[in-house]
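Some notes on the structure that comes next.
The residues of the chain are indexed from 1 along the displayed sequence. Order of appearance sets the numbers: ligands from 1, and atoms from 1 within every ligand.
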Amino acid sequence: MDKILRIDMGAEGGPKVTEEPLGDYAGLGGRALTSTIVSKEVPPLCHPLGADNKLVIAPGMLSGTTAAMSGRLSVGTKSPLTGGIKEANAGGQGAQVLARLGYAAIVLEGKPQKDDLYRIHINKDGVKVILDNSLKLLPNYELVERMRYQYGKKITCLSIGQAGEMKMCAATVAVTDMELRPTRHAGRGGVGAVMGAKRVKAIVLDDSETKMRSPKDPVKFKEANKRFVDGLMKHPVTGRGLPKYGTNVLTNILCEAGGYPTYNFKEGRFAEAHKISGETQAETENQRGGPGSATHGCHRGCVIRCSGTYYDKDGNYLTKQPEYETVWAHGGNCGISDLDAVAMLDFLDDNYGLDTIEMGVTIGVAMEAGLLKFGDTEGAINLVKEVGQGTPLGRILGAGAAVTGKVFGVERVPVVKGQALPAYDPRAVQGIGVTYATSPMGADHTAGYAVTANILKVGGFIDPLKPEGQIQLSRDLQIATAAVDSTGMCLFIAFALLDQAETFQALLDLLNSFYGINLTGDDVVALGKKVLTMERDFNARAGFTAQHDRLPEFFKKEPVGPHNVTFDVKDEDLDQVFKW
Ligand code: SF4
């Protein structure tokens, strides 16, 4: 990982490839690297779909090594959805493979004059950018099959579906998993639309005949990795809950806590949640069987293994095991309790290249507008199909919940900085409300997952229904997350890190023995603060003010049952989150 690959898609005479040493970017990875490049090189006031924006794709500091859990990929840009800086994070094989190919980042820049479409192929012998209009408007699954046919099965694909080509604000960059399926997505903020604007349909990576990255001190590195894995395995969430039920284990937990947004955030419990819970999902998957029905990792080196495969009633592959956020967004949030329908919606989103959170919330807003009734399963599937087909209504929905709310005159639109709220009601889980309001990314649960101390009692306990303690909680978690997102580690390691000091030390020892450095806990905090400061500075230069760090007004006025609470954290306290 000692070089940066730049591809100028707008160069005269066709795309131009250059490789350069890391220079000022040395020592950075993942989100720290994407946010630094975007912050330094992208004019904050540029149009996100214009030639001046860049799409930066970066593995983490430990990606491509034997360190467990180190395969997360960061995709950074100026977001077409929020208008601010964006880092969207994906699993799948992309980070491991890109790191082994020696690249700290791919930077797509410029913009072609014409509408031609390109695929990029990267292997140990170099980089080829190939004009290929035969790929136009292919969905992700078919596209990946084409690439497999052309390049063989040892590849990894980063790609966009129709949504990215149509430059929709809900468009993702898909990343293939270990089964070479496009099931992992850099989902949030419309990063796929930026790839579409660069006219890049697919980046095909082949790391055949490349080696693992080797640590400075292999003995200490191996020993630290063992301690790290042992720590993950002994923690109840990473060692038992996630491997057994996947992320959807949260459905029953959040319903019980009254923090499960239902019917477009009108209620905090969904009466039919048991039909779509992680327990029901696991039982359904186990009954239907099929290859890979047990949970498994989404990339090489994952030991938590929270992913799975979902088969239909006839035992045919339908999609990967839908994540909690997806089951909530397309399920309870829309009053839908049919697991097969939710799985179908998950497949459609993956295939068109759409963010499942943004789409589920958008359909909830469309339901609130009266376009269809809550619980209308068939209607919801048809709406997502309209998005994939790019009909006029589909184009509106594909622009996300904020635009859809405006078009149909809806007052209750759950977005911050234009990005849809995820699966935790901020009135009943007030710590996550602080993160939604203040994260530079827009509403994003992963940016500071306060559900830990609010609901799961990981890293202590802070009453989720009261404002006290939530600012400090969200601040600490946002700092820690910005640092973890830079390592390439899956964020789920945080459960063990928060509760077990020795597992956090093992992570530090992995970094130190790999790079021959002496990072301390304080250095990690400093890194997280530096990344957040840079991101907020970009947003300020893009025109964001304190007024953008707020939840929609209805969360302060409208109590949600069963606890009948409003979001009570004061605006002036929200303004203290980044004053450290
Ligand atoms: S824990 Fe889950 S999301 Fe994280 S790397 Fe493993 S399978 Fe992927």
Side-chain angles (χ1 to χ4, degrees), residues 30-31 59-75 88-99 156 158 172-188 225 228-229 231-250 278 281-282 285 292-310 319-327 346 350 355-357 422-423 444-447 449 451-452 456 458 481 484-498 503 507 510:
R31 177 172 166 187
M61 293 164 77
L62 289 169
S63 302
T65 74
T66 53
M69 312 301 304
S70 60
R72 300 293 295 197
L73 188 70
S74 290
V75 180
N89 198 282
Q93 289 279 71
Q96 302 288 34
V97 172
L98 193 54
T156 294
L158 317 185
T172 65
V173 173
V175 183
T176 51
D177 57 20
M178 293 213 289
E179 291 77 37
L180 195 48
R181 289 172 176 146
T183 61
R184 302 284 141 184
H185 292 247
R188 310 235 62 198
N225 197 32
F228 182 60
V229 171
L232 295 175
M233 291 301 95
K234 82 173 186 203
H235 193 275
V237 177
T238 49
R240 293 194 290 281
L242 284 169
K244 190 161 183 198
Y245 299 116
T247 51
N248 197 15
V249 68
L250 286 163
Q281 184 171 298
E285 287 172 11
S293 56
T295 56
H296 59 264
C298 70
H299 66 71
R300 294 193 293 245
C302 166
V303 296
I304 298 176
R305 300 161 72 91
C306 79
S307 187
T309 311
Y310 194 93
T319 187
K320 94 280 193 185
Q321 174 178 284
E323 304 292 347
Y324 166 65
E325 302 291 331
T326 306
V327 176
D346 181 71
D350 282 357
D355 174 12
T356 58
I357 298 176
D444 180 348
H445 61 298
T446 66
Y449 192 64
V451 178
T452 47
L456 302 174
V458 169
T481 303
V484 171
D485 283 346
S486 306
T487 62
M489 288 285 170
C490 173
L491 195 55
F492 292 154
I493 67 166
F495 292 110
L497 260 49
L498 286 166
T503 311
L507 174 63
L510 276 170

Within the 4.0 Å heavy-atom shell around [X], which atoms of ligand 1 are there?
{"X": "Cys490", "answer": "1 (S), 3 (S), 4 (Fe), 5 (S)"}
{"X": "Ile304", "answer": "1 (S)"}
{"X": "Arg72", "answer": "3 (S)"}
{"X": "Phe492", "answer": "1 (S), 3 (S), 4 (Fe)"}

(message) Tell me whether ligand 1 is touched by Gly91 - counting only heavy atoms on the residue side and a distance under 4.0 Å.
(response)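 False for this residue.
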Has the side chain of [X] got a donor or acceptor atom that lies under 3.5 Å from a matching backbone atom of [Y]?
{"X": "Glu325", "Y": "Ala423", "result": "yes"}
{"X": "Thr247", "Y": "Tyr324", "result": "yes"}
{"X": "Thr503", "Y": "Phe228", "result": "no"}

(request) Please determine, by modelled atom types, if His185 and Asp350 share a side-chain donor-acceptor pair under 3.5 angstrom. (result)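 His185 vs Asp350: donor-acceptor pair found between side chains.
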(message) Can a side-chain donor-acceptor contact be found between Thr172 and Asp355 if the only test is distance below 3.5 angstrom?
(response)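 The criterion, which ignores hydrogens and geometry beyond distance, is not satisfied for Thr172 and Asp355.
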(message) I need the contact type for Cys298 against ligand 1. Using non-hydrogen atoms and a strict under-4.0 Å cut-off, is it side chain, backbone, both or neither?
(response)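 The answer is both, backbone and side chain.
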(request) Give the contacting part of Cys306 toward ligand 1: side chain, backbone, both or neither, where contact means a heavy-atom distance below 4.0 Å. (result)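 The answer is both.
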(request) Assess His299: does it contribute an N, O or S atom lying under 2.8 Å from atom 4 (Fe) of ligand 1? (result)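 No, His299 does not qualify, because none of its backbone or side-chain N, O or S atoms lies under 2.8 Å.
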